[in-house]
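Residues take their numbers from the sequence shown, with the count starting at 1.
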Amino acid sequence: MTNNSHPHPPEFDLKHTVHENRFIGMWRMMRGFRFQYFGATASAGVAAGMKTATFLLIQYLIDDVLGNGMLNLLPWVGLGFVGFALLEGGATFLGGWLAAQTAEGIALRLRNYLFDHIQRLTFSYHDRTQTGELLQRATSDVDTIQRFFLQQALDVGRILLLFLINFIAIAFINVRLAFLSVIVLPPIFAVSIWFFKKIEKAYEKYQEQEAKLSTTLQENLSGVRVVKAFARQQHEIDKFEVENKEKFRRGIRLLLMHASYWPTTDIIAGAQMLGGFTLAALMAINGEITVGDYMAYAGMLIWIIWPMRNLGRLIVQGSEALVSYSRVSEIIKQDREPLTEGTHIPHGELHGEVIFENVHFAYDENTPVLHNILFHAKPGQVIALMGPTGSGKTSLVNLLPRFYDYQQGRILLDRVELKDYPRAFLRSQIGIVEQEPFLFSRTIRENIAYGIGREVTDEEVYEAARAAAIHDVILSFPEGYKTLVGERGVTLSGGQKQRVAVARTLLKNPRILILDDATSSVDTETEAAIRQALDNLMENRTTFIIAHRIQTVMHADQILVFDKGHIVQQGTHDELLEEDGIYRRIFDVQARIEEEVEKEIASVR
C-alpha cells in the first residue's frame, strides 16, 4: 500500500501515545483524527441546540400563539418544528459519520501498528508471552478502544453540550428551577466513580481470563493431531470447560456490576425528575411561570437528568476502555528489535568465516546455556553439532542471525564482530531449515519463494525444488506448484514439508546455512537424495548442521559434541571415534541398532 492510499501517516509511532495517565494516552492516540472528533462534537452540539429550540418553540406555541389566539402563525410554527427536526437529524448523521471516521481510523491504525510491532519484537519477548494473550490484546482490546472513540468519547461532548444548553435555557425561564434541577448530579457522580473503580478491576480480570481461554483454544487447534493421536479429546474438553466456566463466573460478576448501576441511578434520576415536575407544576399553578414555561421546562429537564445519568454510565464504561488501553500499551511500549542497527555492511559477498571466542550465553541471568564456546569455522566448511537434547546446539546457531545476543566473549564473522552487523543484513545472508518447518496456508510455489524479497522465475523455483528432491513429488499433485498447502502444511507429509522448507532456504542462496536436524523427518532414501543435493549446494558456503544421526554428520569438516552447554569433544568423524566419549558411545548405539534391524529383516526374508 502506498503512502497516498494509506489513511494515516505511517511515520506516526504509537509509542508516543503511551503515558502513565491513561486519559492523556487516549488523547494522544487521537492524533490525526482530532478534527473529525471535534467536528462530530460540534455536530452533536448543533443537534442538542435544535432539541432545546424545539422545547422553546413549544413554549412559544402555547403561551403566544395559542394563548393570544394568533392561529395564523400555526403553519409557521409547524414549519419550525419540521426545520428543527431536519437540522437535528442532519447534525446527528454528520456527527455519527465523523465519529465513525475517528473510531474506525484509530482502530485501523492501531491494528496495523500492533501487527507490525509484534513482528518486530525480540525473540525473548515472544518466548515469555503467550500467543493467545497477544491475539486477545490485538483484537478484543482494540475493539473496546474502538467502541470508546465511536460512542463514549463522542457522547461525553454531546452530553456536556446538552446539559449546558438546556441548563442555560431553563435559567432564562427561572433561575431557581435551573439550580434545583441539578442537585442530583453529585450523587450520580459519586455512584459512578464508585462503580468505575469496581468495574475497572472486574473487567481487567475478565480480559485476562478471556486471554487464557484464547490461548487454550489456540493450542488445542494447533495440536489437534496430537490430541486425536492420543485420544485426549475429553481431557482437552475438560480443560477448556474449566477455563470457560471461570470466564463465565467473571463475566457474570462484571454484568452484575453493570446491572446494579442502572437501578441505582434510575432511582436517583427518577426522584430528581419527580421533584422537578412537582415544583414546576406548583409554580405554574401559583402563576410564577406560564403553562408554556412548564411544558418547555418538563422537556428540557429530561435532557439534563438523563444525559448526566448517561455521563455516569460513560464513566463506568470508560473504565473498560482504559483497561484495554493499558493492555495494548504494554505491547506498544516494548522495544523493537533493532534490525538496521549496526556499523558494518561488507561491500562484496560474505566469505562465511565464523569464529567463536570464549562465548557465554544465557536466556536470563539464572539459566546459563552456553559456556566458553571456542571454535573456528573456515569459509565453506561444514560444522556438525551433536549432543543430547537441551545441550545448547540450537541456542548456538540462534546466535548467528542474532535472534539472541551473547553476554560474554566474541563471535567474529569474516573477522568482524557479529554485533557490528545489522540484524537485517545477517538474516539476509543466513538460511535456516528448522527441525519443525512452518509452511503457510498458501501454494507450494509461494511457500518456496517466501524467503525472497523479489519476483522469482518458475525455473528458479524448480531448480531449488529439484535440489531439495521435491520437484517430482510436486509435479505428481493435480495442481502441481499451485497446490494449496493446508494450515501449518498439514496436507503434506513430514518429509515433504521438510523438503519444501529446504527448497525455500536454498532459493534464498544464503552464504551461511543452518540445518537444524533438517533431515529428521525423511526416510533414509530421501535423506540420501537431499544429502547429495546439499553437498553440491553447500560448496563455498559455511554450513552448520544439527543432527542426531552419525550418518548425517560423519562427513563434516568439524564435529562439535555438546553436553550441558559445553563443547566436550571436537574433531572429525575418524578423530572422535578414536576417543572414549559421547560421540563413540552414540556411534556404537546406532551401529548396534542398525545391525539388529538388518538381522530382523534377514530373518523375515
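For the pair R442 and F440, the cation-pi criterion (under 6.0 Å, within 45° of the ring axis) is fulfilled. Figure legend: K15 and Y113 shown without cation-pi pairing, the cationic atom not lying both under 6.0 angstrom from the six-membered ring centre and within 45 degrees of its axis. Because its NZ or CZ atom is not both nearer than 6.0 Å to the ring centre of W27 and within 45° of the ring axis, R22 does not count as a cation-pi partner of that residue.
In this structure, the side chains of I106 and Q146 stay at 4.5 Å or more apart for every pair of heavy atoms. The closest side-chain heavy-atom distance from V18 to R28 is not below 4.5 Å. Residues F81 and I58 meet the side-chain proximity criterion, which asks for heavy atoms closer than 4.5 Å. Considering only heavy atoms from C-beta on, Y125 comes within 4.5 Å of I331 through its side chain.
Centroid-to-centroid, the aromatic rings of F167 and F179 come within less than 6.0 Å.
Ion pairing between a basic and an acidic side chain is recognised when a charged N comes within 4.0 Å of a carboxylate O; R327 and E208 show no such pairing. Between R427 and E337 there is a salt bridge, since a side-chain N of the basic residue sits under 4.0 Å from a carboxylate O of the acidic one. In this structure, R120 does not pair ionically with D335, as no charged nitrogen and carboxylate oxygen lie closer than 4.0 Å. Comment: E243 does not engage K247 in a salt bridge, judged by the lack of any side-chain N to carboxylate O separation of less than 4.0 angstrom. Salt bridge annotation for D116-R111: absent, with no cationic side-chain nitrogen under 4.0 angstrom from a carboxylate oxygen. Contact check on D13 versus R336 returns no salt bridge, with no Lys/Arg side-chain nitrogen under 4.0 Å from an Asp/Glu carboxylate oxygen.
Of the possible donor and acceptor atoms, one in the side chain of Q407 sits under 3.5 Å from a partner among the backbone N and O of D405. In this structure, H117 contributes its side chain and Q334 its backbone to a donor-acceptor pair below 3.5 Å. Counting only distance, with no hydrogens or angles, the side chain of R402 and the backbone of L339 share no donor-acceptor pair below 3.5 Å. Side-chain atoms of R176 never come within 3.5 Å of backbone atoms of A171 as a donor-acceptor pair (strictly under, hydrogens ignored). A donor-acceptor pair under 3.5 Å is formed between the side chain of T443 and the backbone N or O of E446. Between the K419 side chain and the Y406 main chain, a donor and an acceptor come within less than 3.5 Å of each other. Although no hydrogens or angles enter the test, the distance criterion places no donor-acceptor pair under 3.5 Å between the side chain of Q101 and the main chain of Q36. At least one donor-acceptor pair under 3.5 Å links the side chain of T17 to the backbone N or O of L14. Formation of a donor-acceptor pair under 3.5 Å by the S140 side chain with backbone atoms of Q136 is not found in this model.
Around CZ of F240, the count of heavy atoms belonging to other residues, nucleotides or ligands within 6.0 Å exceeds 12. Within a 6.0 Å sphere centred on NZ of K482, other residues, nucleotides and ligands contribute 12 heavy atoms or fewer. More than 12 heavy atoms of other residues, nucleotides or ligands lie within 6.0 Å of CE in M30, so this atom counts as buried by the packing criterion. E455 CD: 12 or fewer foreign heavy atoms inside a 6.0 Å radius. By the neighbour-count criterion of 12 heavy atoms within 6.0 Å, atom CD of E288 is densely surrounded, having more than that number from other residues, nucleotides or ligands.
The aromatic rings of Y404 and F361 lie tilted to each other, with the angle between the two planes from 30° to 60°.
Once rounded to the nearest 0.5 Å, the distance linking OG of S428 with CZ of R423 reads 14.0 Å.
Remark: the N174 side chain and the Y297 side chain contain no N/O donor-acceptor pair separated by less than 3.5 Å. No hydrogens or angles considered: a donor-acceptor pair under 3.5 Å links the side chains of D293 and T290. With hydrogens and angles left out, the side-chain atoms of D364 and T367 include a donor and acceptor closer than 3.5 Å.
Contact detail for A47 and A91: the closest heavy-atom pair is N-CB, 3.8 Å.
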(message) Quick one, Y325 with T144, criterion side-chain hydrogen bond (donor to acceptor under 3.5 Å, both in side chains). Give me CA distance, side-chain angles, the key distance, then yes/no.
(response) CA-CA 9 Å; Y325 167 80; T144 301; over 6 Å; no

